[in-house]
Protein chains: 2
Amino acid sequence: MPFPETEIPGRLQALLAQRGIRMTDQRRAILSVIETANKHLDASQLLRKAQKLDPSVDRSTVYRTLGLLKRQGMIDELDLMHLNGEGHYYERKLGRDHIHMACLRCGKITEFVSERFESLKSQMEQECRFHILVARLEVGGYCTACRR
Amino acid sequence: MPFPETEIPGRLQALLAQRGIRMTDQRRAILSVIETANKHLDASQLLRKAQKLDPSVDRSTVYRTLGLLKRQGMIDELDLMHLNGEGHYYERKLGRDHIHMACLRCGKITEFVSERFESLKSQMEQECRFHILVARLEVGGYCTACRR
DNA sequence: ATCGTTGTTGCGACTGAGTTGCAACACGAA
DNA sequence: TTCGTGTTGCAACTCAGTCGCAACAACGAT
């Protein structure tokens, strides 16, 4: 189960409107790519796909929009254990946090949801009196198929 | 729960020797900086400190040595929520994994060790039949002093 | 429908992290 | 001391991400 909740198309756009954030053709293209993506995309993949919807989209607009969505807490930024270079990957933030497990041999990414993760986060909030806004747990190792 | 697990100076060097890895003055300088660091260092801070011990140390040697130590599982690479740019931070891997909590307002980094984290990792290994080599949990939010 | 304010964009130049090819060098086993 | 092989400094490079700026466009007010 890659994504725990089904995305309603146009949801990001509605959320931004609701917060009084201006909408443009370029943003619409980028949001639509993020909402319909079936895998984790990096900034350059996002740019290429968005340009198919609106050729005027520029690289800097992609970065600026990603920054906006991060600040709004609407997307999560991932490293995926730097399996392919130093860049970041992005995904729509939906429902509860999930863990990313990256196979260091075949590169497969597995997502995992656990009650224990939620429990760990509560413990941190209580014992450290820390207010959590983002929690990113990434794991590297060998998947079932790749371990010897 | 907590483990002092104090570092023995020269331990990294001994471990590398034990694995038949060649030692050089530059590596000695870099290892010594890592072992005596009292906070998380990034590559350029590491370079500056290493050059005080051996002025011949070059930037690329720092990166190559960090790569070596990562492959040997002797250090962990951290993002610390990208509080200061896109670079990475490094720390000696000791005892059990710990969580890094970064305050998005004051930048303070808090480390946290939890049995629940260990339990979560076991669950992933069992339920996903995944062999974990590295687990990185980073959290961003507001610390006690900064939350309103 | 038009206007004006103000936020957004494309462009191009820039920064900063990390990598690489190569010739010189030095570790450490024999 | 010798020698093979791994390591280094250097310089040039790649790649992700940022920024200043002038032109532009969203959208509420008129």
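Lettering of chains follows the sequences in order, A, B, ..., and the numbering in each one begins at 1. Any value given below was found using the heavy atoms of this structure, including those in side chains, with hydrogens, waters and symmetry copies removed.
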Query - Ion pair check, R147(A) and E125(B), cut-off under 4.0 Å - result: no
Query - Carboxylate-amine/guanidinium proximity below 4.0 Å for K70(A) and D76(A) - result: no
Query raised in the report: Nearest-Å distance, CZ (R19(B)) to C1' (dG6(D))?
Result: 18 Å
Requested in this report: Take atom NE2 of H82(A) and atom P of dA16(D), then tell me their distance rounded to the nearest Å.
Outcome: 13 Å
**Report entry** Spacing between R71(B) atom CZ and dG6(D) atom P, to the nearest angstrom
**Finding:** 13 Å
Query raised in the report: Once you round it to whole Å, what is the distance between P of dA25(D) and CZ of R28(A)?
Result: 13 Å
Query - Nucleotide dA16(D), atom C1' - distance to CG of L47(A) in whole Å - result: 13 Å
Query raised in the report: What is the distance, rounded to the nearest whole Å, between atom CD1 of I30(A) and atom C1' of dT8(C)?
Result: 11 Å
Query raised in the report: Would E77(A) and K93(A) pass as an ion pair if we require N to O under 4.0 Å?
Result: no
Query raised in the report: Hey, is the side chain of R27(A) pairing donor to acceptor with the base of dT8(C) inside 3.5 Å?
Result: no
Query raised in the report: So which nucleotide from dA26(D), dT7(D), dT18(D) ends up closest to the side chain of E86(B)?
Result: dT18(D)
Requested in this report: Looking only at side-chain atoms of Q26(B), point me to the closest of dG4(D), dG9(D), dA26(D).
Outcome: dG9(D)
**Report entry** Within residues 51-68 of chain A: residues closer than 4.0 Å to DNA chain D (heavy atoms)
**Finding:** R59(A), S60(A), Y63(A), R64(A)
Report summary line: To the nearest angstrom, the CG-C1' distance between N84(B) and dG17(D) comes to 16 Å
Query raised in the report: Do R71(A) and L69(A) have side chains that get closer than 4.5 Å, going by heavy atoms?
Result: no
Query raised in the report: DNA chain C: R22(B) or K70(B), which has the more 5' nearest nucleotide?
Result: K70(B)
Requested in this report: Answer yes or no: is there an ion pair linking D97(B) with K121(B), defined by an N-O contact shorter than 4.0 Å?
Outcome: yes
Query raised in the report: So, H40(B) and E111(B): side-chain donor and acceptor under 3.5 Å apart, yes or no?
Result: yes
Query raised in the report: Parallel, tilted or perpendicular: which fits the ring planes of H131(B) and Y142(A), with parallel below 30° and perpendicular above 60°?
Result: parallel
Query raised in the report: Does I21(B) or H88(B) map to a spot on DNA chain C nearer the 5' end, using the closest nucleotide for each?
Result: H88(B)
Query - Protein-nucleotide distance (M23(A), atom CE; dT8(C), atom C1'), rounded to Å - result: 12 Å
